[in-house]
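Notes to accompany the following structure.
This one's a predicted model, so the numbers in the text were calculated from it and none came from an experiment. So that the names make sense, note that chain A is the first sequence line, chain B the second, and so on, each numbered from 1. Reckoned from all heavy atoms, side chains included, excluding hydrogens, waters and symmetry mates.
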Protein chains: 2
Amino acid sequence: MTTRDTGTEQLIKDTAKQVFFKEGRLHATTQDIADAAGVNRTLVNYYFRSRDELIRQVYEEGMDDMDNRLSQIMESDIPFREKIESFIDVFMADSMEYPYQETFLITEMNTNSNLHNKPDMNLKVENFSAQIQKEIDEGRLPKMDPIHFAMNMFSLMIYPLIMRPLYKQLYKLTNEQFTKLMLERKDITCKMLFGKQ
Amino acid sequence: MTTRDTGTEQLIKDTAKQVFFKEGRLHATTQDIADAAGVNRTLVNYYFRSRDELIRQVYEEGMDDMDNRLSQIMESDIPFREKIESFIDVFMADSMEYPYQETFLITEMNTNSNLHNKPDMNLKVENFSAQIQKEIDEGRLPKMDPIHFAMNMFSLMIYPLIMRPLYKQLYKLTNEQFTKLMLERKDITCKMLFGKQ
DNA sequence: TCATTGTTTGACAAAAATGTTAAACATTTA
DNA sequence: TAAATGTTTAACATTTTTGTCAAACAATGA
């Protein structure tokens, strides 16, 4: 079967990511996704066979994406702090687009538990920890388990975006105000991490 | 109808909170919840009329709980830093029990959008911001929008707990190791917030 | 004890979500 | 153009989830 590539398969997958990662509608049905994509629901089955398979692919690609974003910290050979600054810049821009990507992944992990971990991610994480440890040893970061640095960084970047509906309500913020705050956070997060206050 | 109170209604609601807030199984069905509670599924309808009503009550009480926890920051009249230290201590203990409470609330907000905000929470938040602003004015905190202090605090406390399945996998952690790290974070979070590194 | 009434259960019904199929449609290519 | 083949659609079927009801059960009180 020489696929004719009408872009529909990709459209459905991309729309599913919009719904799950961007809008955070984690209970969305195939009908919801088809509607959002403006296509007949049957096409979900035509291209993906089942809902589960669509979810599986979205999950898989979400994980791959995380993996790729992690790689970014490794490859460049610039000083640690600059590397982190640049990482925060890129990662936060992505997260502002898709705040619920990690939440989706975790929710799937919590409901399925038949998750296959990508072994090369462990290596990257170890590598990252080693980089942090080096900074600690050379006195540029306070003494602590390197995992805390990573946790701090991801927490400060992602969590406010997840809680957006709540913050908007509690602090009576417009979309513009919220976006402005998130952009400010790039700097704030960096300063928090390196203790330069 | 003089209720006989067999504790079943409360059991179902508590179990729902266990499933949603503790296990993070956000797609759980009424059957899942009934099974977890060890009761006949029909009792969910007997006591709550519909699934939606059970969810509504869990949502409502989850919000009330957040409200109460926020109040805690207001009432005591001890110095700001001590207040925050004590708050982190209590809040993190709660969050370790129910990591997905806020995630559940947000997911519901994202799917329903017919949320009625509790107006008195706005007041508490304003009060909290004023307290932070005072610290800033008196030079005990760096200059920034007080909302960032709140965002930093909640992010550092909650997000690592949400991501637990991922961190456990990436860093090859046992439950005990993870718990130990989370307890360490009480201190780390506090130091991050006040810049004492 | 026996009637009353609230609770629990299982069988059934309804609704919602997902999956299948055949026919209509569109594109390619011979 | 016409056959071949991939794509889309609507009708239908199946499965899953939710909701209803009457009968069984258990506790209370006259």
Side-chain angles (χ1 to χ4, degrees), chain A residues 1-21 23-62 100 104 107-108 110-114, chain B residues 1-21 23-62 100 104 107-108 110-114:
Chain A
M1 150 164 159
T2 51
T3 173
R4 212 172 265 160
D5 192 15
T6 54
T8 306
E9 180 169 4
Q10 196 58 43
L11 171 65
I12 291 172
K13 209 188 289 179
D14 288 345
T15 306
K17 287 177 184 171
Q18 290 269 328
V19 170
F20 292 130
F21 298 173
E23 300 174 30
R25 293 162 53 198
L26 303 186
H27 307 302
T29 65
T30 51
Q31 186 69 68
D32 291 333
I33 294 165
D35 287 350
V39 302
N40 191 295
R41 179 182 60 82
T42 315
L43 291 177
V44 174
N45 292 291
Y46 179 72
Y47 285 109
F48 298 93
R49 200 162 42 255
S50 69
R51 177 184 206 274
D52 279 1
E53 175 59 18
L54 171 60
I55 299 290
R56 201 196 59 73
Q57 285 190 33
V58 169
Y59 176 86
E60 208 66 41
E61 293 184 15
Y100 298 100
F104 171 87
T107 299
E108 286 306 306
N110 284 336
T111 55
N112 288 324
S113 78
N114 53 357
Chain B
M1 151 163 161
T2 50
T3 171
R4 212 172 265 162
D5 192 14
T6 55
T8 307
E9 180 169 3
Q10 197 57 46
L11 171 65
I12 291 171
K13 210 189 288 179
D14 288 346
T15 306
K17 286 176 185 172
Q18 289 269 330
V19 170
F20 292 132
F21 298 173
E23 300 174 28
R25 293 161 53 197
L26 302 186
H27 307 304
T29 65
T30 51
Q31 186 69 66
D32 292 332
I33 293 165
D35 288 349
V39 302
N40 192 295
R41 180 183 59 81
T42 315
L43 292 176
V44 174
N45 291 292
Y46 178 73
Y47 285 109
F48 298 93
R49 206 164 33 259
S50 69
R51 176 183 206 275
D52 279 1
E53 176 59 18
L54 171 60
I55 299 289
R56 201 196 58 73
Q57 285 190 32
V58 169
Y59 175 85
E60 210 66 41
E61 293 183 16
Y100 298 99
F104 171 87
T107 300
E108 285 306 306
N110 284 336
T111 56
N112 288 322
S113 78
N114 54 356

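- Protein atom CD1 of B:Ile55 is 12 Å distant from nucleotide atom C1' of D:dT18, rounded to whole Å.
- Taking all atoms of both residues into account, the shortest heavy-atom contact from B:Asn45 to B:Ser50 is OD1-CA, 4.0 Å.
- Between A:Tyr100 and B:Asn110, the side chains place a donor N or O and an acceptor N or O closer than 3.5 Å (distance only, hydrogens not considered).
- Distances from the side chain of A:Tyr46 to the nucleotides C:dG6, C:dG19, D:dG6 place D:dG6 closest.
- The side chain of B:Asn40 places an N or O atom within less than 4.0 Å of a non-bridging phosphate oxygen (OP1 or OP2) of C:dG10.
- Counting all heavy atoms, side chain and backbone alike, B:Thr30 lies closest to B:Val44 at CG2-CG1, 4.1 Å.
- Counting all heavy atoms, side chain and backbone alike, A:Thr111 lies closest to B:Leu26 at CG2-N, 4.4 Å.
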Give the table of side-chain donor-acceptor pairs shorter than 3.5 Å for residues 34-41 of chain A, with sequence neighbours excluded, one pair per line with atom names and distance.
| residue | atom | partner | partner atom | Å |
| --- | --- | --- | --- | --- |
| A:Asp35 | OD1 | A:Gln31 | NE2 | 3.0 |
| A:Asn40 | OD1 | A:Thr42 | N | 2.8 |
| A:Asn40 | OD1 | A:Thr42 | OG1 | 2.7 |

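- In this structure, B:Asp5 reaches the sugar-phosphate backbone alone: every heavy-atom distance under 4.0 Å involves primed, P, OP1 or OP2 atoms, never a base.
- The side chain of B:Thr3 sits closest to C:dT7 out of C:dT7, C:dT8, D:dT9.
- No donor-acceptor contact under 3.5 Å links the side chain of B:Arg41 to the base of C:dG10.
- Among the nucleotides C:dT7, D:dT7, D:dT18, the one closest to the side chain of A:Thr6 is D:dT7.
- The side chain of B:Arg51 lies closest to D:dT18, out of C:dT20, C:dG10, D:dT18.
- Listed by first then second residue, pairs satisfying salt bridge (charged side-chain N to carboxylate O under 4.0 Å, His left out) with a partner in residues 50-59 of chain A read A:Glu53-A:Arg56, A:Arg56-A:Glu60, not counting sequence neighbours.
- Going from atom CG of B:Leu43 over to atom P of D:dT18 covers 15 Å, rounded to whole Å.
- Nucleotide C:dG19 holds its P atom 11 Å from the CD atom of A:Glu53, rounded to whole Å.
- In this structure, A:Asn45 atom CG and C:dA17 atom C1' are separated by 11 Å, rounded to whole Å.
- Near DNA chain C, defined here as any heavy-atom distance below 4.0 Å, there are no residues from residues 26-34 of chain B.
- Pairing each heavy atom of B:Gly24 with each of A:Thr107, the nearest pair is O-CG2, 4.4 Å.
- B:Ser50 has no side-chain polar atom (N or O) that falls below the 4.0 Å cut-off from OP1 or OP2 of D:dT18.
- D:dT16 atom P lies 11 Å from atom CG of A:Asp52, rounded to whole Å.
- The separation between B:Arg49 atom CZ and C:dA14 atom P is 21 Å, rounded to whole Å.
- Counting any heavy atom pair closer than 4.0 Å across all strands shown, A:Tyr47 reaches sugar-phosphate atoms only and no base atom.
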